[in-house]
Each structure stands twice: as C-alpha cells, then as structure tokens.
Amino acid sequence: MSYLDRDIFGMYKKHHSAGPGPRLMGADTLIGEDVYNLQDENVGDIKEVMLDMQTGEVAYAVLSFGGILGLGEKLFAVPWEYLSIDTVNKRFLLDVDKAQLKQAPGFDKDNWPDMGDADWTNEVQTFFGTRPRTSGRSPNSPRTGRH
C-alpha cells in the first residue's frame with residue numbers, strides 16, 4: 001500500500017511530479033512505506049514517525065525488521081537523515097545491509113525506550129554514525145520565537 005492509498009484527505013490528488021511523493025507529506029501517510037537497502041532487499045516498513053517536539057523536526061522513523069506476521073518482529077529507530085528516497089520505486093532506502101541491521105539497537109513493540117534519553121540517543125546515533133540532534137534552544141523556549 002502506498003502513500004496514495006493512505007491519503008484519506010485527498011491531499012495528493014493533484015500531485016504529478018516524477019518523485020515518490022510531494023515535497024511535504026503528512027506523517028500518517030508514511031506509515032507502512034517500504035524500506036529497502038542498497039542491495040535491493042526489503043528491510044522493513046515504517047511503523048511510526050517520531051517528531052522532536054522542541055525543534056519541530058522529524059527525529060526518527062521507527063522501522064520493523066524480521067519476524068513473521070508481526071511475531072518476533074524487532075523495532076528500531078533510524079535517524080530520519082539516514083533514510084533516502086528511491087524515486088524510481090517510490091520507497092525509502094536505508095544504507096545498511098541485513099546483517100548489520102540485526103545488530104542495530106532495537107526494541108520490542110511492547111517495550112519502547114525513552115527516545116528522549118541521552119544514553120539511548122547516543123547508542124542509536126553511534127550505530128548509524130550520525131551526529132547528536134541539538135536544537136540550539138533551551139527546552140522551555142518557544143520554537144517560533146513568538147511570546
């Protein structure tokens with residue numbers, strides 16, 4: 001099922017670009033999108049999109065990996081910037097092979113980590129080789145700068 005099938009509001013009816021979708025997309029329509037690696041292997045699908053409430057940016061895509069019919073499935077958070085878009089096949093790409101992915105910090109669907117925890121964030125960032133996310137603002141400052 002693609003984002004067009006999940007577009008209950010009809011926001012993409014007039015979209016006619018050659019890319020995988022509009023430049024700005026509703027997070028809900030990304031749930032269920034396939035993710036492949038560069039070896040053209042399906043490595044899961046997007047289960048959730050996690051927003052950084054201080055910066056307003058997408059922090060992670062939570063992906064499923066492994067298991068059969070949801071049993072034994074491992075969830076893991078991929079820093080959003082680590083995903084790219086395959087415009088030809090209209091799917092996401094993750095530059096990690098399956099053997100590596102099995103070693104990624106993961107969690108069970110019934111035991112989600114505190115994704116705001118600095119130790120957990122550091123573990124994920126270290127695995128994927130990305131830099132820690134910083135907002136450059138104090139936690140209580142408004143994102144827009146308006147009072």
My understanding is that only residues two or more places apart in sequence, or in another chain, count here; which of them pass side chain to side chain contact (heavy atoms under 4.5 Å, CB included) with K102?
F65
Between I46 and V49, what is the shortest heavy-atom contact and its length?
CG2-CG2, 4.1 Å
Does any part of the side chain of M50, heavy atoms only, come nearer than 4.5 Å to the side chain of V62, both counted from C-beta?
yes
Nearest heavy-atom contact between P105 and K74 is C-CE, 4.5 Å
With F76, which residues qualify under ring-ring contact (aromatic ring centres under 6.0 Å, His included), at least two apart?
none
How close do A77 and M115 get, counting heavy atoms only, and between which atoms?
CB-CE, 4.1 Å
So, do W112 and E48 sit near enough that their side-chain heavy atoms are less than 4.5 Å apart?
yes
Just do the side-chain contact (heavy atoms from CB on, under 4.5 Å) check on K98 and N37 with the steps written out, would you?
CA-CA 8 Å; K98 281 189 173 185; N37 63 16; 4.2 Å; yes
Spell out, as yes or no, whether a donor-acceptor pair under 3.5 Å connects the side chain of S64 to the backbone of K47.
no
Using the salt bridge (Lys or Arg N to Asp or Glu O under 4.0 Å) criterion, which residues pair with D117? Sequence neighbours excluded.
none
Check whether any side-chain heavy atom of I85 sits under 4.5 Å from a side-chain heavy atom of L93, and report yes or no.
no
Name all residues meeting the ring-ring contact (aromatic ring centres under 6.0 Å, His included) criterion together with Y36; count only those two or more places apart in sequence or in a different chain, and write none if there are none.
none
I need the K109 NZ to E73 CD distance, nearest 0.5 Å.
7.0 Å
side-chain hydrogen bond (donor to acceptor under 3.5 Å, both in side chains) partners for N89, two or more places apart
D86
Check whether any side-chain heavy atom of F92 lies under 4.5 Å from a side-chain heavy atom of D34, and answer yes or no.
no
Knowing that exactly one of D45, L94, N42 qualifies, which makes a side chain to side chain contact (heavy atoms under 4.5 Å, CB included) with V35?
L94
Under the side-chain contact (heavy atoms from CB on, under 4.5 Å) criterion, do Y60 and D52 qualify, and how do the steps go?
CA-CA 9 Å; Y60 300 102; D52 182 324; over 6 Å; no
Same cluster or not: L38 versus L63, using hydrophobic residues (I, L, V, M, F, W, Y) connected whenever any side-chain heavy atoms lie under 4.5 Å apart?
no
For Q103, all residues meeting side chain to side chain contact (heavy atoms under 4.5 Å, CB included), sequence neighbours excluded
F127
Evaluate V78 against L83 for side-chain contact (heavy atoms from CB on, under 4.5 Å), listing each step before the verdict.
CA-CA 8 Å; V78 174; L83 293 169; 4.1 Å; yes
